[in-house]
Amino acid sequence: MLRRVLALPSARIAVAVLAVIALLAALGPLLAPHDPLATGDHPLGAASGTHWLGTDYLGRDMLSRLLDGSRVSVLGSLEVALTALAVGVVPGILSVYLGRAFEWITLRLADTLVALPFLLFAVAVVALLGNGITQAMLVTGVLVSPLFYRVSRAATLAVARSPYVEAAVIGGASIGWVVRRHVWAKVLPPVAVALAQTVGVGFVIVSSLTFLGIGVQPPAPTWGGLLASDLGYLSQRPWAPVTPALLIMVTVWACNVLADALRDVSGEAGRALVLARRARDRRPAAAGPAPAGGAR
(Lines give C-alpha, C1' and ligand atoms only; values in the text may rest on other atoms or scores of the structure.)
Protein backbone atom coordinates (compact mmCIF):
# COMPACT_ATOMS: atom_id res chain seq x y z
CA MET A 1 0.00 0.00 0.00
CA LEU A 2 2.85 2.38 0.82
CA ARG A 3 4.49 1.72 -2.54
CA ARG A 4 1.20 2.37 -4.33
CA VAL A 5 0.77 5.66 -2.46
CA LEU A 6 4.29 6.85 -3.25
CA ALA A 7 3.73 6.00 -6.91
CA LEU A 8 1.32 8.95 -7.12
CA PRO A 9 3.03 12.30 -7.87
CA SER A 10 0.69 14.23 -5.57
CA ALA A 11 1.47 11.86 -2.70
CA ARG A 12 5.21 12.28 -3.21
CA ILE A 13 4.85 16.06 -3.09
CA ALA A 14 2.74 15.82 0.09
CA VAL A 15 5.24 13.49 1.76
CA ALA A 16 8.10 15.84 0.82
CA VAL A 17 6.27 18.82 2.33
CA LEU A 18 5.48 16.91 5.52
CA ALA A 19 9.09 15.75 5.73
CA VAL A 20 10.25 19.37 5.62
CA ILE A 21 7.74 20.31 8.33
CA ALA A 22 8.92 17.38 10.47
CA LEU A 23 12.52 18.50 9.95
CA LEU A 24 11.60 21.99 11.11
CA ALA A 25 9.96 20.53 14.20
CA ALA A 26 13.00 18.42 15.00
CA LEU A 27 15.75 20.91 14.19
CA GLY A 28 13.93 24.25 14.24
CA PRO A 29 15.25 25.43 17.62
CA LEU A 30 18.79 24.47 16.56
CA LEU A 31 18.48 26.26 13.21
CA ALA A 32 17.16 29.49 14.72
CA PRO A 33 19.74 32.25 14.06
CA HIS A 34 18.78 34.22 17.21
CA ASP A 35 17.28 33.61 20.60
CA PRO A 36 13.51 33.52 19.92
CA LEU A 37 12.76 35.11 23.31
CA ALA A 38 15.40 37.86 23.23
CA THR A 39 14.05 41.35 22.69
CA GLY A 40 15.85 43.90 20.53
CA ASP A 41 16.22 47.61 19.95
CA HIS A 42 14.41 47.66 16.60
CA PRO A 43 10.76 46.67 17.05
CA LEU A 44 8.64 46.07 13.96
CA GLY A 45 11.75 46.03 11.82
CA ALA A 46 11.65 45.18 8.15
CA ALA A 47 13.35 42.16 6.61
CA SER A 48 17.12 42.52 6.46
CA GLY A 49 20.29 40.47 6.31
CA THR A 50 20.28 40.13 10.09
CA HIS A 51 16.57 39.45 10.47
CA TRP A 52 15.32 37.68 7.34
CA LEU A 53 11.64 37.99 8.28
CA GLY A 54 11.98 41.18 10.30
CA THR A 55 11.22 41.66 13.99
CA ASP A 56 8.01 41.76 15.99
CA TYR A 57 6.68 44.52 18.27
CA LEU A 58 9.30 43.66 20.93
CA GLY A 59 12.20 43.44 18.51
CA ARG A 60 12.36 39.63 18.55
CA ASP A 61 13.57 37.85 15.43
CA MET A 62 10.53 36.48 13.57
CA LEU A 63 12.40 33.71 11.75
CA SER A 64 13.79 32.37 15.01
CA ARG A 65 10.36 32.43 16.62
CA LEU A 66 8.83 30.71 13.61
CA LEU A 67 11.43 27.93 13.68
CA ASP A 68 11.20 27.50 17.43
CA GLY A 69 7.39 27.43 17.39
CA SER A 70 7.21 24.70 14.76
CA ARG A 71 7.88 22.00 17.37
CA VAL A 72 4.87 22.91 19.51
CA SER A 73 2.59 23.11 16.48
CA VAL A 74 3.68 19.76 15.03
CA LEU A 75 3.71 17.88 18.33
CA GLY A 76 0.33 19.32 19.26
CA SER A 77 -1.27 18.14 16.02
CA LEU A 78 0.27 14.68 16.39
CA GLU A 79 -0.97 14.51 19.97
CA VAL A 80 -4.51 15.25 18.79
CA ALA A 81 -4.35 12.58 16.06
CA LEU A 82 -2.76 9.84 18.18
CA THR A 83 -5.12 10.46 21.10
CA ALA A 84 -8.12 10.24 18.78
CA LEU A 85 -6.66 7.07 17.24
CA ALA A 86 -6.14 5.35 20.60
CA VAL A 87 -9.52 6.37 22.01
CA GLY A 88 -11.59 5.67 18.90
CA VAL A 89 -10.25 2.59 17.10
CA VAL A 90 -10.28 -0.02 19.88
CA PRO A 91 -13.88 0.65 21.03
CA GLY A 92 -14.97 0.83 17.40
CA ILE A 93 -13.68 -2.68 16.70
CA LEU A 94 -14.86 -4.18 19.98
CA SER A 95 -18.35 -2.70 19.65
CA VAL A 96 -19.04 -5.30 16.96
CA TYR A 97 -18.06 -8.27 19.13
CA LEU A 98 -18.78 -7.41 22.79
CA GLY A 99 -22.57 -7.44 22.68
CA ARG A 100 -25.45 -5.01 22.52
CA ALA A 101 -24.76 -3.29 25.84
CA PHE A 102 -21.19 -2.30 24.96
CA GLU A 103 -22.29 -1.28 21.48
CA TRP A 104 -25.08 0.95 22.81
CA ILE A 105 -22.84 2.61 25.42
CA THR A 106 -20.03 3.36 22.96
CA LEU A 107 -22.44 4.69 20.34
CA ARG A 108 -24.03 7.05 22.86
CA LEU A 109 -20.60 8.23 24.04
CA ALA A 110 -19.54 8.89 20.44
CA ASP A 111 -22.73 10.89 19.81
CA THR A 112 -22.11 12.89 22.98
CA LEU A 113 -18.53 13.72 22.05
CA VAL A 114 -19.60 14.85 18.58
CA ALA A 115 -22.11 17.25 20.14
CA LEU A 116 -19.55 18.90 22.43
CA PRO A 117 -17.84 22.04 21.07
CA PHE A 118 -14.14 21.25 21.30
CA LEU A 119 -13.05 24.87 21.67
CA LEU A 120 -15.33 25.57 24.63
CA PHE A 121 -14.48 22.24 26.24
CA ALA A 122 -10.74 22.80 25.79
CA VAL A 123 -11.03 26.24 27.40
CA ALA A 124 -12.86 24.70 30.36
CA VAL A 125 -10.25 21.97 30.84
CA VAL A 126 -7.38 24.45 30.57
CA ALA A 127 -9.08 26.60 33.21
CA LEU A 128 -9.30 23.57 35.52
CA LEU A 129 -5.91 21.94 34.87
CA GLY A 130 -3.76 24.89 33.87
CA ASN A 131 -2.78 26.49 30.61
CA GLY A 132 -0.74 23.75 28.94
CA ILE A 133 -0.64 22.44 25.38
CA THR A 134 -0.72 18.81 26.53
CA GLN A 135 -3.98 19.16 28.45
CA ALA A 136 -5.67 21.04 25.63
CA MET A 137 -4.56 18.58 22.94
CA LEU A 138 -5.52 15.47 24.94
CA VAL A 139 -9.02 16.83 25.45
CA THR A 140 -9.29 17.82 21.80
CA GLY A 141 -8.10 14.37 20.71
CA VAL A 142 -10.83 12.72 22.78
CA LEU A 143 -13.44 14.99 21.19
CA VAL A 144 -12.18 14.12 17.69
CA SER A 145 -12.09 10.35 18.41
CA PRO A 146 -15.67 9.63 17.14
CA LEU A 147 -14.27 9.88 13.60
CA PHE A 148 -11.99 6.90 14.25
CA TYR A 149 -14.72 5.09 16.14
CA ARG A 150 -17.14 5.25 13.23
CA VAL A 151 -14.52 4.44 10.59
CA SER A 152 -13.19 1.39 12.45
CA ARG A 153 -16.68 0.21 13.36
CA ALA A 154 -17.91 0.44 9.75
CA ALA A 155 -14.89 -1.49 8.46
CA THR A 156 -15.26 -4.13 11.17
CA LEU A 157 -18.96 -4.60 10.44
CA ALA A 158 -18.17 -5.21 6.77
CA VAL A 159 -15.66 -7.93 7.71
CA ALA A 160 -17.74 -9.46 10.52
CA ARG A 161 -20.55 -10.31 8.08
CA SER A 162 -18.19 -12.10 5.70
CA PRO A 163 -18.74 -15.87 5.42
CA TYR A 164 -15.13 -16.77 6.23
CA VAL A 165 -15.21 -14.73 9.45
CA GLU A 166 -18.52 -16.27 10.49
CA ALA A 167 -17.05 -19.70 9.80
CA ALA A 168 -14.02 -18.90 11.94
CA VAL A 169 -16.23 -17.77 14.83
CA ILE A 170 -18.39 -20.90 14.55
CA GLY A 171 -15.23 -22.99 14.53
CA GLY A 172 -14.26 -21.56 17.93
CA ALA A 173 -11.82 -18.80 16.96
CA SER A 174 -11.34 -16.14 19.62
CA ILE A 175 -12.13 -12.46 19.09
CA GLY A 176 -8.45 -11.56 19.29
CA TRP A 177 -7.54 -14.10 16.60
CA VAL A 178 -10.33 -12.90 14.30
CA VAL A 179 -9.29 -9.27 14.74
CA ARG A 180 -5.61 -9.97 14.08
CA ARG A 181 -6.22 -12.36 11.21
CA HIS A 182 -9.11 -10.83 9.31
CA VAL A 183 -10.34 -7.53 10.71
CA TRP A 184 -7.16 -5.49 11.03
CA ALA A 185 -6.30 -5.77 7.32
CA LYS A 186 -9.65 -4.16 6.48
CA VAL A 187 -9.59 -1.57 9.25
CA LEU A 188 -6.05 -0.30 8.70
CA PRO A 189 -6.54 1.46 5.30
CA PRO A 190 -9.54 3.63 6.33
CA VAL A 191 -7.89 4.32 9.69
CA ALA A 192 -4.76 5.51 7.84
CA VAL A 193 -6.91 7.87 5.78
CA ALA A 194 -8.60 9.20 8.92
CA LEU A 195 -5.23 9.61 10.64
CA ALA A 196 -3.82 11.73 7.81
CA GLN A 197 -6.94 13.88 7.81
CA THR A 198 -6.86 14.26 11.59
CA VAL A 199 -3.24 15.44 11.57
CA GLY A 200 -4.35 18.26 9.27
CA VAL A 201 -7.32 18.99 11.49
CA GLY A 202 -4.94 18.96 14.46
CA PHE A 203 -2.85 21.70 12.86
CA VAL A 204 -5.95 23.83 12.47
CA ILE A 205 -7.01 23.14 16.07
CA VAL A 206 -3.57 23.87 17.51
CA SER A 207 -3.30 27.06 15.50
CA SER A 208 -6.79 28.15 16.54
CA LEU A 209 -6.18 27.53 20.24
CA THR A 210 -2.75 29.16 20.29
CA PHE A 211 -4.14 32.05 18.24
CA LEU A 212 -6.46 32.67 21.20
CA GLY A 213 -3.64 32.15 23.70
CA ILE A 214 -4.94 28.76 24.92
CA GLY A 215 -2.53 25.94 25.62
CA VAL A 216 0.69 27.92 25.56
CA GLN A 217 2.35 30.24 28.03
CA PRO A 218 3.65 33.53 26.60
CA PRO A 219 6.23 34.35 25.37
CA ALA A 220 6.61 30.81 23.98
CA PRO A 221 6.23 31.03 20.19
CA THR A 222 3.72 29.04 18.14
CA TRP A 223 2.47 29.46 14.59
CA GLY A 224 -0.98 30.49 15.76
CA GLY A 225 0.44 32.85 18.37
CA LEU A 226 2.71 34.50 15.80
CA LEU A 227 -0.26 34.96 13.50
CA ALA A 228 -2.25 36.59 16.30
CA SER A 229 0.56 38.96 17.29
CA ASP A 230 1.22 39.96 13.68
CA LEU A 231 -2.42 40.82 13.04
CA GLY A 232 -2.20 43.55 15.67
CA TYR A 233 0.36 45.48 13.64
CA LEU A 234 -0.88 45.17 10.07
CA SER A 235 -0.51 48.90 9.43
CA GLN A 236 3.24 48.73 10.17
CA ARG A 237 3.97 45.22 8.81
CA PRO A 238 1.18 44.11 6.44
CA TRP A 239 3.24 41.21 5.09
CA ALA A 240 4.13 39.72 8.49
CA PRO A 241 1.19 37.24 8.88
CA VAL A 242 1.88 35.72 5.45
CA THR A 243 4.62 33.32 6.54
CA PRO A 244 2.89 31.62 9.52
CA ALA A 245 -0.43 31.50 7.67
CA LEU A 246 1.27 29.99 4.61
CA LEU A 247 2.99 27.34 6.74
CA ILE A 248 -0.30 26.33 8.32
CA MET A 249 -2.08 26.22 4.96
CA VAL A 250 0.64 24.20 3.22
CA THR A 251 0.84 21.68 6.07
CA VAL A 252 -2.91 21.12 6.15
CA TRP A 253 -2.98 20.86 2.34
CA ALA A 254 -0.24 18.20 2.39
CA CYS A 255 -2.12 16.16 5.01
CA ASN A 256 -5.31 16.28 2.96
CA VAL A 257 -3.52 15.32 -0.26
CA LEU A 258 -1.88 12.38 1.50
CA ALA A 259 -5.26 11.32 2.88
CA ASP A 260 -6.75 11.45 -0.63
CA ALA A 261 -3.91 9.31 -1.98
CA LEU A 262 -4.36 6.76 0.80
CA ARG A 263 -8.08 6.64 0.11
CA ASP A 264 -7.54 6.13 -3.62
CA VAL A 265 -5.25 3.12 -3.19
CA SER A 266 -6.64 1.61 0.02
CA GLY A 267 -9.41 -0.38 -1.64
CA GLU A 268 -7.18 -2.04 -4.21
CA ALA A 269 -4.36 -2.58 -1.72
CA GLY A 270 -6.74 -4.13 0.80
CA ARG A 271 -8.10 -6.58 -1.74
CA ALA A 272 -4.59 -7.55 -2.81
CA LEU A 273 -3.59 -8.15 0.82
CA VAL A 274 -6.60 -10.39 1.46
CA LEU A 275 -5.93 -12.40 -1.72
CA ALA A 276 -2.27 -12.83 -0.76
CA ARG A 277 -3.20 -14.09 2.70
CA ARG A 278 -5.74 -16.54 1.30
CA ALA A 279 -3.17 -17.88 -1.16
CA ARG A 280 -0.67 -18.27 1.69
CA ASP A 281 -3.24 -20.15 3.79
CA ARG A 282 -3.98 -22.58 0.95
CA ARG A 283 -0.34 -23.21 0.13
CA PRO A 284 0.44 -25.83 2.86
CA ALA A 285 -2.57 -27.92 1.88
CA ALA A 286 -1.60 -27.81 -1.80
CA ALA A 287 1.97 -28.82 -0.95
CA GLY A 288 0.96 -32.02 0.90
CA PRO A 289 2.31 -35.49 0.04
CA ALA A 290 1.36 -36.93 -3.31
CA PRO A 291 -1.10 -39.87 -3.31
CA ALA A 292 0.19 -43.39 -3.74
CA GLY A 293 0.84 -44.42 -7.29
CA GLY A 294 2.32 -41.08 -8.34
CA ALA A 295 0.78 -37.92 -9.68
CA ARG A 296 -0.23 -37.47 -13.28
For a quick test of reading the model, state the closest non-hydrogen atom pair linking [X] to [Y] and the distance between them.
X: Val252; Y: Gly200; answer: CG2-O, 3.6 Å
X: Pro36; Y: Arg60; answer: O-CD, 3.7 Å
X: Pro146; Y: Leu113; answer: CG-CB, 3.7 Å
X: Cys255; Y: Ala196; answer: CB-O, 3.5 Å
X: Ala26; Y: Arg71; answer: O-NH2, 3.0 Å
X: Pro91; Y: Thr106; answer: CB-CG2, 4.3 Å

Hey, mind stepping through Trp223 and Val206 against side chain to side chain contact (heavy atoms under 4.5 Å, CB included) and telling me if it holds?
CA-CA 9 Å; Trp223 290 353; Val206 172; over 6 Å; no
Answer yes if [X] and [Y] sit in the same cluster of Ile, Leu, Val, Met, Phe, Trp and Tyr residues linked by side chain heavy atoms under 4.5 Å apart, and no otherwise.
X: Leu53; Y: Leu27; result: yes
X: Trp52; Y: Leu247; result: yes
X: Phe102; Y: Val89; result: yes
X: Leu24; Y: Val199; result: yes
X: Leu23; Y: Leu31; result: yes

Which pairs, with at least one residue in residues 11-38 and sequence neighbours excluded, count as a side chain to side chain donor-acceptor pair (under 3.5 Å)?
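Listed once each, the pairs would be none.
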As an exercise, state the distance from [atom1] of [X] to [atom2] of [Y], rounded to the nearest 0.5 Å.
X: Arg150; Y: Ser95; atom1: CZ; atom2: OG; result: 10.5 Å
X: Leu30; Y: Asp68; atom1: CG; atom2: CG; result: 9.5 Å
X: Leu78; Y: Met137; atom1: CG; atom2: CE; result: 12.0 Å
X: Gln135; Y: Thr140; atom1: CD; atom2: OG1; result: 11.0 Å
X: Arg237; Y: Leu231; atom1: CZ; atom2: CG; result: 11.5 Å
X: Asp230; Y: Thr243; atom1: CG; atom2: OG1; result: 8.5 Å

Take Glu103 and Leu98, measure what side chain to side chain contact (heavy atoms under 4.5 Å, CB included) needs, and give me the verdict at the end.
CA-CA 7 Å; Glu103 178 184 15; Leu98 295 187; over 6 Å; no
Close side-chain approach of [X] and [Y], heavy atoms under 4.5 Å:
X: Leu195; Y: Leu262; answer: no
X: Asp260; Y: Ser10; answer: no
X: Tyr97; Y: Thr156; answer: yes
X: Pro33; Y: Asp61; answer: yes
X: Arg65; Y: Leu37; answer: yes
X: Leu107; Y: Arg153; answer: yes
X: Val191; Y: Phe148; answer: yes

So Val74 and Ile21, side chain to side chain contact (heavy atoms under 4.5 Å, CB included) or not? Walk me through it.
CA-CA 8 Å; Val74 171; Ile21 298 299; 3.7 Å; yes
What do the steps show when you test Trp253 against Val257 for side chain to side chain contact (heavy atoms under 4.5 Å, CB included), and what is the final call?
CA-CA 6 Å; Trp253 171 84; Val257 169; 3.4 Å; yes
Side-chain ([X]) to main-chain ([Y]) donor-acceptor, under 3.5 angstrom:
X: Thr198; Y: Val201; answer: no
X: Thr210; Y: Ser207; answer: yes
X: Thr39; Y: Leu58; answer: no

Flag the pair Asp111 and Arg108 as a salt bridge only when some basic side-chain nitrogen lies within less than 4.0 angstrom of an acidic carboxylate oxygen.
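Salt bridge between Asp111 and Arg108, a charged N being under 4.0 Å from a carboxylate O: yes.
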